[in-house]
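First, the structure itself, so that you have it in front of you.
Computed from a prediction, not measured in an experiment: that's the story for all the values here. One is the number of the first residue; the rest follow in order along the sequence. Keep in mind that the numbers below use all heavy atoms, side chains included, and drop hydrogens, waters and symmetry copies.
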Amino acid sequence: MSTRHGSDAQSADRTLDLAGLKALSHPLRIQLLEQLSQLGPQTASTLAARLGESSGATSYHLRQLAKHQLVREVEGKGSARERWWERPPGALSLFSSDLAEDPAALHASRILNREIEHHRAALLQDFMEQGYDYLPQDWFDGSVIATMNARLTAGQLAEITEEMLDHARALLAKYRDSGATDSDARAVQLHFNAFPILQGQFDIPLQQGKPASSEPLT
């Protein structure tokens with residue numbers, strides 16, 4: 001499975017190596033990456049205020065992420081005392097078949113996938129429980145939570161996921177520039193999960209389990 005954190009700039013897609021996985025395997029660093037993905041460029045101070053951390057802590061962990069090209073300084077913005085940080089464009093894959101036989105990589109990938117899914121589920125739950133209370137009707141009408149079921153081969157599933165992701169990238173690319181400047185625009189998160197149901201179908205564990213790859217869109 002592929003877990004991706006990314007944008008529409010497909011040419012900049014990358015897969016984390018073991019060093020990158022370990023660098024990201026810290027709860028605060030995952031939160032920082034999530035915030036930059038959702039909100040765009042931020043400073044260590046604004047991130048600290050949103051996450052309830054000290055600016056010293058967020059600044060330190062941003063610099064550690066930057067060492068592995070997971071974040072970068074925004075050129076021409078900020079000062080020596082107040083740097084602005086952003087996510088580089090492109091999807092970030094947290095697992096690859098090249099690391100499948102490395103126990104340390106599998107462990108780090110599982111930690112990351114679990115933490116990312118925790119944050120994603122929390123946002124969805126917040127929307128489902130409080131959306132009626134806070135969202136104007138047009139925002140609520142434009143939102144959807146849908147589940148579709150089918151019987152597919154592994155090859156067919158792979159074909160569908162690639163086409164769905166390509167289509168999502170193309171749609172997001174149409175609005176990415178205007179979304180950065182339109183005063184009516186708000187941070188929105190799109191979830192796409194496609195996976196075989198294990199229960200009753202895959203009852204015998206493989207000798208070496210492999211985490212699915214994650215690919216968050218930003």
Side-chain angles (χ1 to χ4, degrees), residues 2-96 98-99 105 108-109 111-113 115-120 123 165-166 168-182 185-191 213-218:
S2 154
T3 305
R4 301 179 195 172
H5 229 287
S7 73
D8 54 46
Q10 190 166 4
S11 61
D13 291 358
R14 59 176 290 204
T15 298
L16 285 185
D17 57 14
L18 180 55
L21 287 171
K22 289 181 176 179
L24 192 53
S25 297
H26 186 289
L28 181 54
R29 294 178 189 176
I30 295 173
Q31 291 183 70
L32 292 170
L33 197 66
E34 291 279 348
Q35 290 291 306
L36 293 176
S37 297
Q38 296 164 16
L39 303 175
Q42 301 288 318
T43 68
S45 296
T46 59
L47 289 168
R50 290 187 61 86
L51 298 174
E53 299 284 345
S54 70
S55 58
T58 56
S59 179
Y60 169 77
H61 287 292
L62 285 166
R63 292 196 303 271
Q64 298 307 306
L65 290 171
K67 289 181 179 179
H68 296 272
Q69 294 79 51
L70 293 168
V71 303
R72 66 187 182 188
E73 286 191 55
V74 180
E75 295 183 4
K77 191 172 185 179
S79 63
R81 295 188 61 184
E82 189 73 298
R83 301 176 181 177
W84 283 79
W85 300 88
E86 65 180 357
R87 266 284 315 277
L92 187 65
S93 182
L94 306 182
F95 181 78
S96 73
D98 294 339
L99 300 175
S109 182
I111 291 175
L112 288 175
N113 280 325
E115 191 70 18
I116 288 171
E117 182 57 31
H118 169 75
H119 290 293
R120 188 164 64 167
L123 291 176
L165 289 172
D166 287 345
R169 287 175 183 272
L171 285 174
L172 289 172
K174 289 170 55 178
Y175 304 109
R176 191 165 299 277
D177 291 340
S178 62
T181 57
D182 192 332
R186 299 292 185 270
V188 171
Q189 188 167 100
L190 283 68
H191 294 179
S213 88
S214 303
E215 183 174 356
L217 292 175
T218 60

Is any side-chain heavy atom of Gln69 closer than 4.5 Å to one of Arg14? yes
To the nearest 0.5 Å, how far apart are NE2 in His61 and CG in Leu24?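 These two atoms lie 12.0 Å from each other.
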Under 3.5 Å donor-acceptor, Asp182 side chain and Ser178 backbone: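 No, Asp182 side chain to Ser178 backbone: no donor-acceptor pair under 3.5 Å.
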Any non-hydrogen side-chain atom of Trp84 less than 4.5 Å from a side-chain atom of Glu73?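 The answer is no; the side chains never approach within 4.5 Å.
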Holding to side chain to side chain contact (heavy atoms under 4.5 Å, CB included), I want the full list of residues that pass it with Ala187, two or more places apart in sequence or in another chain.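 Side chain to side chain contact (heavy atoms under 4.5 Å, CB included) list for Ala187, sorted by chain: Leu39.
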Hey, are the side chains of Trp85 and Lys77 touching, using non-hydrogen atoms and a 4.5 Å cut-off? no
Heavy-atom side-chain proximity of Leu36 to Leu47 below 4.5 angstrom: yes
Please report the interatomic distance CD(Glu34) to CZ(Arg120), rounded to the nearest 0.5 Å. 9.0 Å
Can you confirm whether Leu92 sits close enough to Arg87 that some side-chain heavy atom of one is under 4.5 Å from a side-chain heavy atom of the other? yes
Check for a donor-acceptor pair, side chain of Arg29 on one end and backbone N or O of Leu65 on the other, with a separation under 3.5 Å. no
Approximate separation, where rounding is to 0.5 Å, of Ser25 OG and Leu18 CG: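 Rounded to the nearest 0.5 Å, the OG-CG separation comes out at 9.0 Å.
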Quick one: does any side-chain atom of Thr58 pair with a main-chain N or O of Ala44 as donor and acceptor, under 3.5 Å? yes
Is the shortest heavy-atom distance from the side chain of Leu32 to the side chain of Leu70 under 4.5 Å? no
State the CD-OG distance between Glu53 and Ser45, to the nearest 0.5 angstrom.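 Those atoms lie 13.0 Å apart.
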Applying the side-chain contact (heavy atoms from CB on, under 4.5 Å) criterion to Leu21, which one of Leu112, Ile111, Thr15 satisfies it? Leu112
Using side chain to side chain donor-acceptor pair (under 3.5 Å) as the criterion, list what pairs up with Gln42, not counting sequence neighbours. Thr46
Walk me through whether Arg83 and Arg63 qualify under side-chain contact (heavy atoms from CB on, under 4.5 Å). CA-CA 11 Å; Arg83 301 176 181 177; Arg63 292 196 303 271; 4.1 Å; yes
Leu28 CG to Leu33 CG distance, which is reported to the nearest 0.5 Å: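 It comes to 11.0 Å.
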How far apart are the C-alpha atoms of Leu123 and His119, what are their side-chain angles, what is the distance that settles it, and do they pass the side-chain contact (heavy atoms from CB on, under 4.5 Å) test? CA-CA 6 Å; Leu123 291 176; His119 290 293; 5.9 Å; no
Which atom of Val71 lies closest to which atom of Pro88, heavy atoms considered: CA-CD, 3.8 Å
Could you walk me through whether Arg50 and Gln35 pass the side chain to side chain donor-acceptor pair (under 3.5 Å) test, one step at a time? CA-CA 9 Å; Arg50 290 187 61 86; Gln35 290 291 306; 2.6 Å; yes
